Amino acid sequence: MTQRVFIPDETTACSLGTDAVAKAVKAQLEAHGIDAELVRNGSRGAFHLEPLVEVEDAGQRLVFGPVSPADVPGLFGSGVLPGRDHAACLGRVDEIPFLAGQTRLTFARVGEAAPLDLAAYKASGGGVALERALSISSAQVVQEIETSGLRGRGGAAFPAAIKWQTVLDAPGTEKYIVCNADEGDSGTFADRLLMECDPYQLLEAMAIAGITVGAKLGIIYLRSEYPKAHEVLNAAIAQAQTAALLGDNILGSGTSFDVEVRLGAGSYICGEETAMLESIEGKRGVVRAKPPLPALSGLFGKPTLVHNVLTLAAVTSVLAGGGSHYAAHGTGRSRGTMPFQIGGNVLCGGLVELPFGRPLDSLLNEFAGGSFSGRAFKAVQVGGPLGAYLAANDWQMPLDYEAFAAAGAMIGHGGVVAFDDTVDMAEQAEFAMRFCAIESCGKCTPCRIGSKRGEELIQRIRLEEANDGDLQVLDELLEAMELGSLCALGGLTPMPVRSILKSFPGALKAARIEASQVR
Amino acid sequence: MGQAIEQVGQCQEVFATPSALGVAGIDKYTTPLFDISGKHARSRVQWVRKKMTLQPPIRATLDEFGAAHPTTADQLLPLLHYVQAVHGCIPTQAMPEIALLLNVSRADVFGVVTFYDDFDVKPQRLEVAVCGAEACQALGCRSLIAEARRELEPRVRVKEVFCLGNCASGPSARIDEHVLGRVTLSGIKAALDAAEHQL
């Protein structure tokens, strides 16, 4: 058996220089005549260790990282692959605390092999879920998802089984599966990591969805900021068609389903499901009023099952391991695992898949290991740009959809962005409004104009030109946006602003006394 | 030229493009408002084509796309990406032709081109996209963007973008398709030098 060296080929890993490391390793292997294969695998999502080099030693994967090109001669210069006794060795993969502390279901395979290695995919349980879906009825598949308690991982946390049942029951023979891979929320990269490192899992899940609800075509709406994911997905689709995981005769069952990737074009609002459907139809990404629900009248007016990448991917775990096995993880009505993404000012950032129910604090201290700057944390924004900023007294809150909702926050897509004590919360509040103003599709007034007025109001507060009346106006404006917006962009932009008003009193306050009160 | 564009607008309904996907649901988006068929219509289209002052390469790009893809309205974004990738922008004079190819109105094409950040109407200089979203704000991207603008413009365009999906290793920037993590101004400069060297 040839020895193998693994170096990730994934956007974040590459942004930290893995290509140069791979080049240096290749040169060393050749120079010293070491008989080892260099594999470009997916990243395991422990980004503080990237560029991370893994060496396979007697079936075990030893970890070295972060490795710079200058470190490479020290690892391979002796003419043999570095072993466990090498000073730079961090141990086996399962001995890395950041990875060992996780419960990986959806991301179990990520980083194990080259993303397009179909044989490795099958060897690690790939395809089992699809075979099972083909052997049971559509109703049984939906039942399994219901048992799992799976909810939408894109942010809205809507029960997946209800959507599947609705599309399944919808009349008509022409239906679509749309995978929302327009992951625009700041602080989130789980969709990208999954698509770049385990693309077959997503394709398998889409095939299961198609077979179950009776759709023949699936579309992955991918944001254009992810060129590597685009490349990997297209290659994976071609391979999957060759292996009959997609195509006219899936695994010899006679059922057909195919997948196509459509690129977005730099618009955040196209992550909203109806705007996304408009965009796929070739139009401006302007949201549609609901109802009709996309499940009944979606893409091209046909019943459409719209799911986020992570929701679909979770379906393979649900079917392969059984719904009750998936539901055994989690707490309350939040079942299963959630791939959280730790980013911002953190020492150890990356992907952390955990069962629901653990406190937010465990992500910050156990996994992130403190801030990158070395200063104390002041605020954590959970759930992307529309999520709440949480202060220290909220960090014991369990990671659970209902607990977050009760606190005026949301888990959203699982992005956790930490800020140190240098952050200006008023500036963050202004940015929340500015972001909404920039990204609003412009269809409804509360979002289009409210965000601009909100930005101006907060600017006035920051310039100490505001009075109590302005704060009252801000409060009313937030309410108007919450109640009057068509979609979640306008409806949830008030969330970060309100959370700052609540948790960081003093950040936004009136500097002047109301003129009428001056005597 | 202006007149030619007007003419294109009037006769684009001529193209009752059959749905290449063969999907009934798309029909309602491709069915022309009214149908002028026959010789007269064809000659008018040819007349407009002749009058168009499109640069031959763009004409060729549209033909290439049309040969390899369905020409239904839903292909607008893929087509625009294709044109932008080949020519660096979506030239204004190409819009009526794009509309004609996909049987949509020029207003639709213009609306889509201007709605999406990715599409430029004019060719762009070398561009560095610096992430300005929250995860990078937590690591000081605001001052990085300001410094980059001060130091690099107008040599390159410094564009603030929202999220490159590199949030655990910020601040992040992108030159071409190459994402830079834990980036500094000197890191951006070095990467720009390397990119310009390649050009």
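In this text, all values refer to a predicted model and were calculated from it rather than measured experimentally. Convention: sequence-line order gives letters A, B, ...; per-chain numbering from 1.
- Heavy atoms closer than 4.5 Å to chain A are found in both the backbone and the side chain of B:N166.
- Both the backbone and the side chain of A:T12 come within less than 4.5 Å of a heavy atom of chain B.
- Only the side chain of A:C270 has a heavy atom closer than 4.5 Å to any heavy atom of chain B.
- At a 4.5 Å heavy-atom cutoff, the contact between A:V346 and chain B is made by backbone atoms alone.
- Interface remark: A:I438 contributes side-chain atoms only to the contact with chain B (heavy atom separation under 4.5 Å).
- Heavy atoms of A:I269 lying under 4.5 Å from chain B belong exclusively to its side chain.
- Considering only heavy atoms from C-beta on, B:E151 comes within 4.5 Å of B:L185 through its side chain.
- If you tally non-hydrogen atom pairs under 4.5 Å between each of B:L180, B:L76, B:L139, B:D108 and chain A, the highest count goes to B:L139.
- Judged purely by atom type and a 3.5 angstrom limit, B:Q75 has no side-chain atom pairing as donor or acceptor with the backbone of B:H69.
- Highest contact tally toward chain B, considering only A:R223, A:H48, A:K228, A:E439, is held by A:R223 [criterion: heavy-atom pairs under 4.5 Å].
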- request: List the steps and the verdict of side chain to side chain donor-acceptor pair (under 3.5 Å) for A:Q428 and A:Q381.
  value: CA-CA 10 Å; A:Q428 295 311 115; A:Q381 190 182 27; 5.7 Å; no
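- Residue A:S279 touches chain B through both its backbone and its side chain, counting heavy-atom pairs closer than 4.5 Å.
- Looking at A:L263, the atoms closer than 4.5 Å to chain B (heavy atoms on both sides) sit in the backbone and in the side chain alike.
- Across A:G172, A:G282, A:G17, the residue that shares the most heavy-atom pairs under 4.5 angstrom with chain B is A:G282.
- Under the 3.5 Å distance criterion, with hydrogens and angles disregarded, a donor-acceptor pair is assigned to the side chains of A:T11 and A:E196.
- Only the side chain of A:R192 comes within contact range of chain B, with at least one heavy atom under 4.5 Å from a heavy atom of that chain.
- Only the backbone of A:D185 comes within less than 4.5 Å of a heavy atom in chain B; its side chain stays farther off.
- In the model, B:H81 has no side-chain atom that pairs as donor or acceptor with a side-chain atom of A:S224 under 3.5 Å.
- Taking 4.5 Å as the limit, some side-chain heavy atom of A:E260 sits within range of a side-chain heavy atom of A:R262.
- Among B:L164, B:V109, B:V179, B:V113, the residue making the largest number of heavy-atom pairs under 4.5 Å with chain A is B:V179.
- With a 4.5 Å cut-off on non-hydrogen atoms, A:A418 touches chain B through its backbone but not through its side chain.
- By number of non-hydrogen pairs under 4.5 angstrom with chain A, the leading residue of B:G170, B:G132, B:A138, B:S172 is B:A138.
- You'll find the side chain of B:V161 stays beyond 4.5 Å of the side chain of A:E225, heavy atoms only.
- With values rounded to the nearest 0.5 angstrom, B:D176 atom CG is found 7.0 Å from B:L126 atom CG.
- Using a 4.5 Å heavy-atom threshold, the side chains of B:V183 and B:L144 count as touching.
- The candidate with the highest count of non-hydrogen atom pairs below 4.5 Å against chain B, out of A:A368, A:G349, A:G350, A:P385, is A:P385.
- For A:R434 and A:F431, the positive end is not near the middle of the six-membered ring at less than 6.0 Å and at most 45° from its axis.
- Across B:R174, B:E177, B:R182, the residue that shares the most heavy-atom pairs under 4.5 angstrom with chain A is B:R182.
- A donor-acceptor pair under 3.5 Å is formed between the side chain of A:N345 and the backbone N or O of A:F372.
- Of the atoms belonging to B:F162, heavy atoms from both backbone and side chain fall under 4.5 Å from chain A.
- If you measure heavy-atom distances from A:E427 to chain B, the contacts under 4.5 Å come from both the backbone and the side chain.
- Counting heavy atoms from C-beta outward, A:H230 and A:V261 have side chains that approach closer than 4.5 Å.
- Here A:G285 is the residue among A:G187, A:G285, A:S373 with the most heavy-atom pairs under 4.5 Å with chain B.
- If you measure heavy-atom distances from A:E183 to chain B, you find no contacts under 4.5 Å at all.
- Residue contact with chain B, scored on non-hydrogen atoms closer than 4.5 Å, involves the side chain of A:Y389 exclusively.
- Classification of the A:F367-A:F98 ring pair by plane angle, with boundaries at 30° and 60°, yields perpendicular.
- Of the residues considered (B:Q84, B:R142, B:H178), B:R142 shows the highest number of contacts with chain A, using heavy-atom pairs under 4.5 Å.
- The choice from B:P171, B:G111, B:G165, B:G140 that makes the most heavy-atom pairs within less than 4.5 Å of chain A is B:G165.
- Here the side chains of A:L277 and A:P294 are in contact, with some heavy-atom distance below 4.5 Å.
- Contact check for A:F47 versus A:C348: no side-chain heavy atoms found under the 4.5 Å cut-off.
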